[in-house]
Structures are given as structure tokens and as C-alpha cells.
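Worksheet: the structure to be examined is printed underneath.
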Amino acid sequence: MNNEEVKTTNFIHDIIDADLSSGKRTEVVTRFPPEPNGYLHIGHAKAIYLDFGTAEKYNGRCHLRFDDTNPEAEDIEYVNAIQEDIKWLGYDWGEHLYWASDYFDTMYDYAVRLIKKGKAYVCELTKEEFKDHRGIPTEPGKEPPGRTRSMEENLDLFERMKNGEFEDGTYTLRARIDMTSPNLHMRDPAIYRIKKAHHHNTGDKWCIYPMYDFAHCIEDSIEGVTHSMCTMEFEVHRPLYDWILEELEVFQSHQYEFSKLNLTYIVLSKRRLLQLVNEGRVSGWDDPRMPTLCGMRRRGFTPEAIKKLCSVVGCTKFEGITEIELFESIVRDDLNENSLRAMAVVDPIKVIIENYPEDQVDEFEIPNHPQKEELGTRQVPFSRELWIERDDYMDDAPNKFKGFTIGREVRLRGAYLATCNEVIKDADGKVLELRCSYDPETKGGSAPDGRKVRSTIHWVSAKHAVDAEVRLYDRLYTVENPLGDKEKDFKDFLNPESLEVITAKLEPMLATVEPGTRFQFERVGYFCADKDHSSEQPIFNRTLTLRAPRKL
RNA sequence: UGCCCGAUAGUGUAAUGGAAGCACAUGUGACUUUGACUCAUAGGGUCCUGGUUCGAACCCAGGUCGGGCAACCA
């Protein structure tokens, strides 16, 4: 899992190649333009990967630009979180951190320039009135009265809008394009509106703010962005993007659209994510079940796996839905390669090794990774009483079963071979403990006489075990596409078993690790020490189970 | 019944007029001190109808199906 993603190509890179070889462009400048009104999720990761990754591939640069043109919706609290998430993914914007609000003065001047060209006018229509004038897709619109206003009067009105002489909603500045255009976005779109709102960067300097369509292309142009990538829903806005830059006669940035990421069992709309948080369906934005980058980080997913996914799904204009299994496979591949092994028992039953001395303790040196000797070993204590998984005992087990059954010899991973002699159950038949005997000649887990055991199970010494809160996470929804049923709300498909909290028995080393450290608990799954994990209060989150084992 | 975009195995994506590949998923087998990993192996695809061409997934025409667009949001 390295930098191979930079080698990928796609239709936008084909265009860049052509632009570079034709001389249309001599460098590649991209930008990632989040609005600071929420947390970044894996859909944004695709955009970040494309924006930063493309700049990287062409030795260009990628700007981080906060698109803060709507003070009512935005909040500075998101700014740091967004930067942290981008850095976590491994990208660096260097000194190229910008704000749309940096350009408010220029945007105002540009608006005045349009008015002077007769390409913009002040419109006194209310929202509803304009809606009526705009018409519907199949019928042309009607010209608003302000369209014929003189340039001088427009200039005066616009300045008075800026000076705060009018209330919110009374006037807008509109581009004067074509009320009959088949593209609704070209029917005299609003480019400035009055909003007497405090802005986190510009304070109370402005009471008019530019609309996205006007602001975004100008931001791109000012920064010299050559290839401005966004998702498909902006495709119909592109004629307006081009129109504004052409009328302004400024640097012509170009917009390219790709389809956004969709994954089965995942919902990515900001509004719905907010609902989950507000209604307490999850513990917060960084709940490990959330598809937010902070949630996925807490869950134990790696930035490398997220980027690899973005690389593998590619970049096209086709809006499909990628199976989550692809991502899970990439995650397991990464975690299998890079996480250390440990032993933990999540559903414990007691094993007593009857012929093992009461006070004896063995320290076994067990490899941290079966295929990577260089990752070293660790000491794991063994004693007379152990915890093993409830699943690792079965009455009258078939041959294929890997675990104890009466009379069968099993390998205790890295320790000894042991045979189960007796099972003790309660009145309901629930297994309470196993009575076993071990072979002292099999230290380390192999028999001097060469006899084979088909089963190896994990264990934790009861005397040394550390109790930990372990959070077993599963898919947040029960269906592939929770938004697919028009009759039902997506929350109707919430998986009631998406979180199960248990107390597990850990090998002692695990209590001492730093929050965020990832492990494979052998034969159980991949786990990550939670951000609140400590040696006094160990907490682990399950990232994923191991690949589903074959059925018996 | 307006405009824009799209369609390649179950899913995602290559092939840019010259043998339809890859990954995930699925089936089978081998190996294993993790039922993991690894290895081997199998099945499965160009939306439809015409046209151009020696040759079409690719170019053209018409259709079908899917998505997007009517905030003073981004």
C-alpha cells in the first residue's frame, strides 16, 4: 500500500495530458474547496484524493480553500477538523491555504464590472416572484422588470445594497444572461444577495455575500486553478462558470465533473449524517460507525486503505454504487500486512489445566507477525487457568471443527498441546469450564514425536488477563441502499446490532499501548485502541472481523 | 411532453478502429502453530436496432433504461 495511486489515470488526466502537450496549460493547479459547515466524510476523501493526487502526479500544486460565502451556514469550528482530516490522509497544501472571503473585495469589483458591461442588474423581485419569472424547464421565463434598469441606477442600488441600506431579501444582483435558456441556471441567476450576518473572517464588513456560482469560478481564476474538479451535479452550472470568467475577461479556469462515491451500506449526505448525530442514533460525528473521516479514524481504518479505495474505484462520470466488500478487502489487506498480532478472548470460558502446577508461570515468546520476523516477538504469560473462546469448544465436534471436544488434543497458540478431558456445564447445559491436561514435552506448541494437531486456538492466562471494554462494530444499516426505498426513511434501516459492547480478556501487553494503535486479535479480527483507551480503562474498537471463515 | 450526462461479468473499472483484461465478490482444491494470510483453479460481460468499415465496446443515427437540473445553499 504505497504511492501507486499516483500512477493511475482517468478521463480527467487524459484531458490534462492533452492540455499539457498542446501547450494550453504549462502547469497543473487544483484545489479542494470545502465549505466549513460539517465534517469531512469518505465521499470528500475521493475529491481530496483526486485534487491532491492529481497535483502530485503532475508536480503541480493543490490549494486548500475554504468556501465561506454563506456565513449563516458556516462555522469556524469545522475549519480545524477539516484540516486535521486532510493531513491525516497524508496531504499537505503548504502555504496554499485560502478563503473565499479573502476575495470579497475583488468579487465586489468584478460585480461592478459586470454591471458596467450591462451584464448584471439589481433585481427587486422576491424569491417567490422570481421563481414565477424563471419559468419551468419546458417553458421560457419572463424578463424581470429590473432587467431594463439603467447602468447608473444599478450601480447606485448595488452600492446601497453593500452599504446596508436594504433588508435581507429585498434586492439581489443578477447576471443578465437569458431568461429563455433551456438551462435554468442561465436564466439570470442571482450572484449577490443581502445577508446581514456576521462572518467569521470578515466580521461585519459585508452585508452582501456572493453566491456560489459567481464566487467559485472567480476564486479558481484568482488562484490560477487550471483544472477545477467537482461532482456531477455541478455539470449544469458549467456554462455559467464559463460565462462569468469570459465576461470578466480573467484567467480561464476550467471545471471538470466526476461522479461522487457511493458505497453499499453507507449513507453520505451531510443532512442525514447530522440527523444521526442530533437524534443520538450515534455517539457523535466521530462515532466509529460514521463514514466521517474522524469516525473512520477512530474505528481503526487507515488513510492508506481509504486512498487505495479511491484509487481502485477510479474516476468516471458513471454514477454507480461500489460494494463495501471492496473497501473491506482493501482494509484487511492493509491491516493484515501492517498490524501486530495479539491474543484476546471476546467470549470467554475458563480452561483449567489440571496437571499444570498451581503457582507456575511460563513466559512464551510469541511472534508479532507470522510472515514478518522483523516485527519481533513479545512475552506472553501462561498459567494453570486460561480463558478461551466459548466457540472453541463443541460437544461431539466433527473432524473439521477447530477447537476442543472431549478427548481431542488442541494446540494452545505458541504454548502447549492440551487435551480436553471433561466439560462442566450448568443446569441449562451452558458450558462453564473445561478440564484439560497438557503435555509438558510440547513447549512452544510442537510435539517432539512429530504428531500433528489440526487445531490451534488462542488463549489468555486468567491470572494475567486484563479486562477491557471492547466495542464490536458492524454495518450501520441492514440493507445495501438505505435511501433506495422511497416509502421509507433511511433510519428505518438502521442496524440494531451495529454496536455490541462486551468485556473481553486481553493479554496484558494490550493495556499499555497508545490510543489509536491497531492490532489483529488472532482468529478474531482487527482492533484499534480507542482514543479514550488507557491502561486503567482499556478500550478497543473492532475495525473489522477477519474474512468470514468457511462454514463447517 | 425542456436541457445536460451516462450505460463493459453480481459490483467497480481498463481496453481510445485491430485477440474484451484487472480487482472485489462467488464456487472448488492445496497449504497453514490464526478456519487469517498465501497458492492453484472455475464460472460469468460490451443496453437495443440499424449504419460506416476488411475490422466497432470505441465512430454515426434512432431507441431503451438510469442519474442530474426549476435556493437569495454549496
Side-chain angles (χ1 to χ4, degrees), chain A residues 8-11 14 33-35 37 67 69-70 72-74 100 123 125-127 130-131 134-141 168-174 181-187 189-195 208-209 211-213 215-216 230-239 257 259 262-264 270 309 312-330 332-333 336-337 341 343 366-367 369-371 400-403 411-415 417 444-446 453-458 480 520-526 545-552:
Chain A
T8 60
T9 190
N10 58 52
F11 78 96
D14 291 344
E35 184 186 18
N37 72 344
D67 213 355
T69 57
N70 184 359
E72 284 174 346
E74 295 146 11
C123 174
L125 259 27
T126 64
K127 219 187 288 190
F130 186 77
K131 194 177 172 184
R134 180 167 39 219
I136 55 173
T138 50
E139 286 169 28
D168 288 15
T170 51
Y171 287 101
T172 55
L173 185 72
R174 294 189 175 279
S181 171
N183 182 344
L184 283 315
H185 295 279
M186 299 298 273
R187 320 244 266 225
I191 59 178
Y192 260 97
R193 77 284 216 190
I194 300 171
K195 252 184 211 300
I208 56 171
Y209 291 93
M211 299 289 293
Y212 167 85
D213 284 314
H216 204 89
C230 61
T231 46
M232 291 299 294
E233 66 265 29
F234 292 101
E235 192 162 35
V236 284
H237 297 238
R238 181 161 22 98
E257 309 84 15
S259 65
N262 287 306
L263 291 166
T264 56
K270 256 182 204 175
L309 175 74
V312 167
V313 299
C315 172
T316 67
K317 293 166 91 86
F318 175 66
E319 191 136 346
I321 182 162
T322 298
E323 292 173 338
I324 196 65
E325 287 83 353
L326 176 60
F327 179 57
E328 293 176 345
S329 167
I330 290 167
R332 289 190 178 105
D333 193 41
N336 174 56
E337 181 85 9
R341 309 296 133 116
M343 290 198 286
I366 297 183
H369 194 293
Q371 282 89 32
K400 288 174 116 179
F401 178 72
K402 297 255 200 175
R411 177 181 299 107
L412 296 166
R413 172 73 151 144
L417 301 185
S446 49
V453 288
R454 63 176 301 113
S455 309
T456 301
I457 67 169
H458 60 283
E480 284 193 358
Q520 183 198 100
F521 293 173
E522 284 191 277
R523 303 208 309 135
V524 179
Y526 296 100
T545 61
L546 256 28
R547 199 182 302 278
R550 291 185 207 108
K551 301 282 184 297
L552 282 177

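The sequence lines fix the lettering, A, B, ..., with proteins before strands; numbering per chain opens at 1.
As rounded to the nearest Å, B:A42 and B:C37 have C1' atoms that lie 22 Å from one another. Comparing the P positions of B:C60 and B:G18 gives an interatomic distance of 16 Å, to the nearest angstrom. Taking the C1' atom of each, B:U41 and B:C31 are spaced 15 Å apart, rounded to whole Å. Across B:G44 and B:U11, the matching C1' atoms stand 13 Å from one another, rounded to whole Å. Comparing B:G17 with B:C54, their C1' atoms are spaced 11 Å from each other, to the whole Å. B:U46 and B:G10: their C1' atoms are spaced 16 Å apart (whole Å). B:A19 and B:A57 are spaced 10 Å apart, taking the P atom of each and rounding to whole Å. A gap of 13 Å separates the C1' atoms of B:G43 and B:A25, to the nearest Å.
Looking only at distances, no side-chain donor or acceptor of A:Glu337 sits under 3.5 Å from a matching main-chain atom of A:Asp333. Judged purely by atom type and a 3.5 angstrom limit, A:Ser259 uses its side chain to pair as donor or acceptor with the backbone of A:Phe318.
Pairing for B:A7 goes to B:U64, judged as Watson-Crick or G-U wobble with the two contacts each under 3.5 Å. Across the strands present, B:U16 finds no partner; the criterion is a Watson-Crick or G-U wobble pair with both atom distances under 3.5 angstrom. Nucleotide B:C72 forms a pair with no other nucleotide shown, judged by Watson-Crick or G-U wobble geometry with both contacts under 3.5 Å. The base-pairing partner of B:C58, taking Watson-Crick or G-U wobble contacts with both distances under 3.5 Å, does not exist among the strands shown. Base-pair partner of B:A40: B:U28 (Watson-Crick or G-U wobble, both distances under 3.5 Å). Across every strand in view, B:G45 sits unpaired, with no contact that passes the Watson-Crick or G-U test at under 3.5 angstrom.
A sub-4.0 Å separation between OP1 or OP2 of B:C37 and a side-chain N or O of A:Arg332 is absent. Checking the phosphate oxygens (OP1, OP2) of B:G68, no side-chain nitrogen or oxygen of A:Lys317 falls inside 4.0 Å. Distances shorter than 4.0 Å separate none of the side-chain N or O atoms of A:Arg523 from OP1 or OP2 on B:U33. OP1 or OP2 of B:A71 lies within a sub-4.0 Å distance of a side-chain N or O belonging to A:Arg134. Regarding contacts with the backbone of B:U13, a side-chain N or O of A:Thr316 is found under 4.0 angstrom from either OP1 or OP2. The shortest distance between the side-chain N/O atoms of A:Thr69 and the OP1/OP2 oxygens of B:A74 is below 4.0 Å. Listed pair A:Arg547 / B:U38 fails the phosphate criterion, with no side-chain N or O lying under 4.0 Å from OP1 or OP2. Contact annotation: A:Arg238 does not reach the phosphate of B:C4 (side-chain N/O to OP1 or OP2, under 4.0 Å).
A heavy-atom distance below 4.5 Å is not found between the side chains of A:Thr322 and A:Thr264. Residues A:Leu326 and A:Val312 meet the side-chain proximity criterion, which asks for heavy atoms closer than 4.5 Å.
The A:Asp333 side chain lies nearest to B:U38 when the options are B:U38, B:G67, B:A74.
No hydrogens or angles considered: a donor-acceptor pair under 3.5 Å links the side chains of A:Asp67 and A:His216.
A donor and an acceptor atom never sit less than 3.5 Å apart when one is taken from the side chain of A:Glu74 and the other from the base of B:A74. Residue-to-nucleotide contacts include a donor-acceptor pair under 3.5 Å from the side chain of A:Gln371 to the base of B:C37. Taking 3.5 Å as the limit, the base of B:G10 and the side chain of A:Glu323 contain a donor-acceptor pair of atoms between them. One can find a donor-acceptor pair under 3.5 Å joining the base of B:U34 and the side-chain atoms of A:Gln520.
A:Thr322 comes within contact range of the sugar-phosphate backbone alone, with a heavy-atom separation under 4.0 Å but no base atom that close.
Taking the six-membered ring where tryptophan is involved, the planes of A:Phe234 and A:Tyr212 are tilted, since the angle between them lies from 30° to 60°.
Geometrically, A:Arg332 does not engage A:Phe327 in a cation-pi contact defined by less than 6.0 Å to the ring centre and at most 45° from the axis.
B:A14 takes the anti form, because its glycosidic angle lies more than 90° either side of 0.
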